[in-house]
Amino acid sequence: MDKIYNHKTTEEKIYSLWEEKGFFKPEVNPKGKPYSIILPPPNANAPLHFGHAMYVVEDILIRFHRMLGDKALWLPGADHAGFETQFVFEKKLQIEGKSRFDFEREALFGLIWDFVQGNRPVMEGQLKRLGFSLDWTRKKFTMDQDIVKIVHETFKNLFDDGLVYRAERLVNYCTYDGTSFSDLEVVYEERKNPLYYIKYGPLVLATTRPETKFGDTAVAVHPDDSRYQKYIGKEIEIETVLGKARIKVIADKFVDREFGTGVVKITPSHDFDDFEVAQRHKLPLVRVINFDGTMNEKAGKFKGLYVKQARKQVVEEMQAKGLIDKIDENYTHRIGLCYKCKNPIEPLPLEQWFVKTKPLAKEAIEVVKKGKIKIYPKSMEKLYLQFLENIRDWNISRQIVWGIRIPAFKCQDCGAWNVTEGEIREKCGKCSGNNLIQDVDTFDTWFSSGQWPYATLKTNYGHLRMGFHPEVVSQVYKGKTKTYRLRNHAFKVGDRVMFQNTKDKSIFGFGVITESKETTIEKIDYTDKTHFKTYSSLGELMDAFRLRNPDREVTPSTKAYLYAYEFHSLDELKHIPTDFDIFYPTTVMETGYDILRWWVARMVMLGIYMQKKLGEENAEKQVPFKNVVLHGLVNDPLGKKMSKSRGNVVNPLELLDQYGADAVRFALSYGTALGNDQSLSYSKLDAMRKFTNKLWNMARFIEFKAEGKLKPSNLALDELKQHAKHKNDKEIVEKTQKLAFKITRLLNAYDFNHAAQNLYDFAWHEFADIYIEDVKTRINENSFSVLSGTYLVLLKLLHPFMPFVTEEINHTLFGKDQYLIVSQWPIK
RNA sequence: GGACUUGUAGCUCAGUGGUAGAGCGCUUCAUUCACAUUGAAGAUGUCAGAGGUUCGAACCCUCUCAAGUCCACCA
């Protein structure tokens with residue numbers, strides 16, 4: 001053994017070994033009870049940031065349960081991150097001197113698709129470097145055809161149940177990015193803007209937005225305001241920059257008598273409060289601002305000006321006409337900005353799809369209150385409930401191309417919306433007209449990721465073996481029978497086999513392995529012919545394919561795709577058991593508390609809804625997961641939030657290079673209570689790197705003492721007791737056993753911090769400082785058994801935290817055929 | 001405006017009503033022994049402040065102060 005542990009030469013080698021052996025698959029414990037975690041899918045297009053390294057918590061749980069003998073699944077995936085990704089792509093276009101308007105929708109989509117697919121391996125490679133034991137054979141992408149299909153189904157179900165509706169509502173619209181946003185995507189900033197006191201006939205009112213006055217449909221006062229009683233319900237004549245006009249005075253309690261003059265202009269199309277007032281008083285909507293941020297014809301001579309310019313000019317003219325009473329220049333207020341480009345959000349009336357969230361939220365609240373879903377740490381429960389109790393309807397339309405297009409078709413004859421499960425609708429269901437146009441919008445990304453647990457599990461057939469690649473080496477046609485050559489370790493006789501297209505993940509065949517040779521298994525018998533749609537000729541098949549995929553080039557060599565296509569129907573697959581039947585609800589949903597509302601709450605709402613829809617009556621099975629575990633955020637060494645704009649982002653990969661994955665993992669788990677933020681600490685990383693080296697040298701000592709004569713013992717704790725003759729040997733066995741119980745208890749309670757601290761303290765200050773120093777001088781066969789045996793137990797307990805160094809030591813001391821990752825946890 | 005989190009050694013942070021803890025840093029000594037060292041010993045605290053409950057409070061309650069985060073957003 002080298003004097004120093006070298007993580008650089010170890011980590012990649014060990015990871016490939018694990019992956020090749022198939023240890024990341026839950027099937028390594030075929031008889032274990034299911035334990036599952038779905039990885040929160042990182043943005044496919046972006047490299048990982050430090051927050052993602054915190055998913056180490058999930059790897060610890062998965063490795064722990066795999067060693068306990070559970071059928072442990074950790075399912076990876078990637079998110080298309082609709083708006084985020086399109087934003088980045090448009091920046092790239094900008095640098096090339098182009099814009100998204102230079103491309104047709106399909107072309108733009110294709111460009112972004114390639115861009116994302118090109119970048120996706122970066123993120124996946126980083127997850128591997130962290131040592132994450134994800135089952136890569138099951139990875140999913142939010143834009144996979146089968147996932148999209150499920151998203152479509154959910155949407156249609158919600159629509160049919162009246163939980164999705166189309167409405168003209170004010171939306172948070174960014175005129176710069178050309179799309180609307182949900183409430184969560186608007187950031188607020190304190191700004192100093194003049195407050196103008198404008199004369200409205202006999203009244204004076206205060207406003208920051210004089211340019212929107214062309215869209216005023218009323219003036220409001222408080223119903224009890226004695227100053228204005230005589231105007232309520234009357235029309236007043238006002239002088240404006242566009243001439244005389246008449247406007248109604250209404251009374252509404254929302255008016256604050258203390259603010260300004262106690263009089264408010266009502267501009268329903270450009271202010272959220274005014275919109276609600278207008279609904280109550282049945283006032284008309286008059287839009288004066290276009291979606292590109294300019295004024296429209298309602299603004300008369302100000303038409304075509306951008307909002308900012310229009311405001312300036314309107315004010316100047318008002319001053320010239322003596323319509324401004326006074327201006328408060330020191331007025332500060334908070335205005336909504338686009339979270340991405342930081343331009344002001346313009347409230348604009350737009351027809352959008354909304355999810356009626358109240359009934360869904362009610363169920364989501366109940367499952368947590370009843371303990372069907374437990375949230376750790378408990379304090380986060382409030383955050384969750386608070387959001388759901390005050391939830392407003394969710395705008396899921398986005399005016400961008402990069403996303404899942406909404407499967408809704410508007411009849412141009414009768415105006416009815418036809419919602420489908422993704423298929424193209426050509427005939428109106430209401431008036432039978434055949435002039436339908438699909439909505440150009442796409443879904444909010446969180447609408448699809450909100451369905452992630454059931455979507456990923458329903459589209460994985462992991463307990464069937466997956467074919468074509470890498471396990472299928474080649475395929476040969478012999479008359480009517482297709483023969484596949486398979487890698488020898490891939491299949492056993494009797495295995496059910498599924499053939500899946502590696503590119504788009506669609507399924508094109510099922511079979512059972514019927515005959516085995518020594519090294520290859522060749523013959524596959526398709527037992528269930530009903531899955532095949534048969535065509536009389538290849539040409540016919542190709543024609544059918546072309547009809548639905550006009551853009552795709554079809555040649556005889558695309559045959560695999562053709563099959564893939566014909567099998568791509570969930571109806572056909574419904575009776576085929578999927579991972580869903582085994583692993584749903586998942587055991588743990590682990591993520592940062594910052595997306596509790598964005599993501600977790602929505603998964604609960606949509607998850608319960610879809611399960612009930614499918615007739616699941618068992619409340620335990622309606623929820624998408626049983627436990628929610630929330631970790632804190634990682635801040636920079638000064639305690640500031642890492643962000644690109646601050647320029648203080650630390651690339652996790654650099655730290656992996658410098659300190660090794662094990663040290664980084666241990667540092668993140670150690671010294672911070674679950675759910676609390678932590679600051680990146682280089683001294684802690686350094687301490688943990690020293691700890692890996694300490695472990696390594698403990699192994700060196702054992703190897704040294706063996707002198708080639710003594711064989712390290714891999715006996716279980718109870719058996720070790722037989723070899724413990726000396727009182728100190730007896731003591732260390734007992735202490736190790738106690739530690740094992742403690743670590744087990746702490747991991748079951750998601751207390752990673754204390755588990756890590758106990759391991760660190762025991763390994764260094766108990767095992768090394770005291771026991772090894774003691775046993776040094778009295779090594780014999782028995783004490784050596786105890787020394788190596790208890791050390792192996794320690795390695796096992798440490799393995800979920802520090803998988804690489806422990807596995808490498810294990811290989812060196814106990815043999816290359818022994819794998820810690822699939823070894824048995826020291827206690828049951 | 002509403003809520004949440006945090007405040008403990010020089011720094012980063014654990015702490016479960018019962019003697020105040022770890023890592024890094026600091027001081028002294030030992031050491032080339034499995035250990036880019038490591039080991040032994042040591043110093044360092046008004047547990048943000050005030051009040052209360054309790055036999056007993058860093059921990060429970062109230063208030064104040066400070067830092068941070070989230071939510072709602074009134075012209």
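Proteins come first, then strands; the chains are lettered A, B, ... in the order of their sequence lines, and each starts at number 1. These figures come from a predicted structure and were not determined experimentally. Hydrogens, waters and symmetry mates play no part in the numbers below; they use all other heavy atoms, side chains included.
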For B:U6, the nucleotide meeting Watson-Crick or G-U wobble distances (both under 3.5 Å) is B:A66

When rounded to whole Å, the CZ to C1' distance for the pair A:Phe387 and B:G2 reads 16 Å

- Task: For B:A9 and B:U27, measure between their C1' atoms and round to the nearest Å.
- Result: 15 Å

What's A:Leu383 touching, base or sugar-phosphate or nothing? Going by heavy atoms closer than 4.0 Å. nothing

Distance between P atoms of B:U5 and B:C63 (Å, rounded): 14 Å

A:Asp256 CG to B:C73 C1', in whole Å, measures 13 Å

Taken to the nearest whole Å, NZ/A:Lys641 to C1'/B:C70 is 9 Å

Residue pairs meeting side-chain hydrogen bond (donor to acceptor under 3.5 Å, both in side chains), one or both in residues 659-671 of chain A, sequence neighbours left out, come to A:Asp59-A:Arg665

Taking a pair to mean Watson-Crick or G-U wobble geometry with both distances below 3.5 Å, B:U38 pairs with B:A30

Quick note, A:Gln386 side chain, CB onward, closest among B:C74, B:A34, B:A3 is B:A3

note: A:Lys694, atom NZ; B:U37, atom P; distance rounded to Å ~ 13 Å

Given protein heavy atoms under 4.0 Å, the one-letter contact record of nucleotides 11-26 of chain B, with B base, S sugar-phosphate only and - none, is simply -SSSS------SSS--

Assign each of A:Thr692 and A:Tyr331 the nucleotide of RNA chain B bearing its closest heavy atom; nearer the 5' end lies the nucleotide of A:Thr692

Residue pairs meeting ring-ring contact (aromatic ring centres under 6.0 Å, His included), one or both in residues 682-709 of chain A, sequence neighbours left out, come to A:Tyr5-A:Trp696, A:Phe666-A:Phe691, A:Phe691-A:Tyr760

Ring pair (Phe, Tyr, Trp, His ring centres under 6.0 Å) filter on A:Phe804, not counting sequence neighbours, yields A:Trp18

* Asked: Using the P atom in both, what is the distance from B:G18 to B:A57, to the nearest Å?
  -> 11 Å

message = Please report the distance separating the C1' of B:G15 from the corresponding atom of B:C47, rounded so that it comes out in whole Å.
response = 11 Å

Note to self: Between B:U38 and B:A34, how many Å separate the two C1' atoms, rounded to a whole number?
What the structure shows: 10 Å

Query raised in the report: How is A:Leu205 classified with respect to the nucleic acid when contacts are heavy atoms under 4.0 Å: base, sugar-phosphate, or nothing?
Result: nothing

Nearest-angstrom distance, P atom, B:U64 to B:A3
12 Å

In Watson-Crick or G-U wobble terms, with both distances under 3.5 Å, the base opposite B:C60 is B:G52

Residues A:Asp216, A:Lys213: salt bridge by 4.0 Å N-O rule:
no

Exam field: side chain A:His270 to backbone A:Arg287, donor-acceptor pair closer than 3.5 Å: no

Roughly how far apart, to the nearest Å, are B:C65 and B:U12 at atom P? 24 Å

* Using the P atoms only, state how far B:G21 lies from B:A58, rounded to an integer number of Å. => 13 Å

Applying side chain to side chain donor-acceptor pair (under 3.5 Å) to A:Asp761 and not counting sequence neighbours gives none

Which side-chain N or O atoms in residues 739-756 of chain A pair as donor and acceptor under 3.5 Å with protein atoms at least two apart or in another chain?
residue  : atom : partner  : partner atom : Å
A:Lys742 : NZ   : A:Asn758 : OD1          : 3.3
A:Thr744 : OG1  : A:Ala740 : O            : 2.6
A:Thr744 : OG1  : A:Trp825 : NE1          : 2.9
A:Asn748 : ND2  : A:Thr744 : O            : 3.2
A:Asp751 : OD1  : A:His754 : N            : 3.2
A:Asp751 : OD1  : A:His754 : ND1          : 3.0
A:Asp751 : OD2  : A:His754 : ND1          : 2.8
A:Asn753 : OD1  : A:Gly671 : N            : 2.8
A:Asn753 : OD1  : A:Gln757 : NE2          : 3.3

Answer for the Watson-Crick or wobble partner of B:A14, both distances under 3.5 Å, is none

Once you apply a heavy-atom cut-off of 4.0 Å, does A:Phe704 come out as touching a base, just sugar-phosphate, or nothing? sugar-phosphate

Here the residues of residues 773-788 of chain A within 4.0 Å heavy-atom distance, strictly under, of RNA chain B are A:Glu773, A:Lys776

key: Heavy-atom side-chain contact between A:Leu350 and A:Arg169 under 4.5 Å   = no

A:His333 atom NE2 is separated from B:A72 atom P, nearest whole Å, by 18 Å

Atom CG of A:Asn635 and atom P of B:U5 are separated, to the nearest Å, by 18 Å

Can you find an N or O donor on one side and an acceptor on the other, under 3.5 Å apart, linking the side chain of A:Arg334 with the base of B:C73?
yes

Rounded to whole Å, CD1 of A:Ile809 lies from P of B:C35 at a distance of 15 Å

Indicate, with a heavy-atom threshold strictly under 4.0 Å, whether A:Arg392 touches base, sugar-phosphate, or nothing. sugar-phosphate

For B:C4, does the base pair up with any side-chain atom of A:Lys382 as donor and acceptor (N or O, under 3.5 Å, distance only)?
no

Residues at least two apart in sequence or cross-chain that pass side chain to side chain donor-acceptor pair (under 3.5 Å) with A:Asp657, listed by chain then number, are A:Arg129

Rounded to the nearest 0.5 Å, the OG atom of A:Ser449 sits from the CE atom of A:Met603 at a distance of 8.0 Å

Just checking A:Lys265: base, sugar-phosphate only, or nothing, at a heavy-atom cut-off of under 4.0 Å?
nothing

Applying the 3.5 Å cut-off to both distances, the Watson-Crick or G-U partner of B:G25 turns out to be none

Residues at least two apart in sequence or cross-chain that pass side chain to side chain donor-acceptor pair (under 3.5 Å) with A:Thr672, listed by chain then number, are A:Gln678

Atom OH of A:Tyr384 and atom P of B:C71 are separated, to the nearest Å, by 17 Å

Checklist entry - With a 4.0 Å cut-off on heavy atoms, is A:Asp273 in touch with a base, just the backbone sugar-phosphate, or nothing at all? => result sugar-phosphate

Testing B:C74, B:C35, B:A36 for proximity to the side chain of A:Asn697, the answer is B:C35

Checking N1-N3 plus N6-O4 or O6-N4 for Watson-Crick, or N1-O2 and O6-N3 for wobble, each under 3.5 Å, the partner of B:C73 is none

Next item on the list: Would you please say whether a donor-acceptor pair under 3.5 Å links the side chains of A:Thr267 and A:Lys265?
Entry: yes

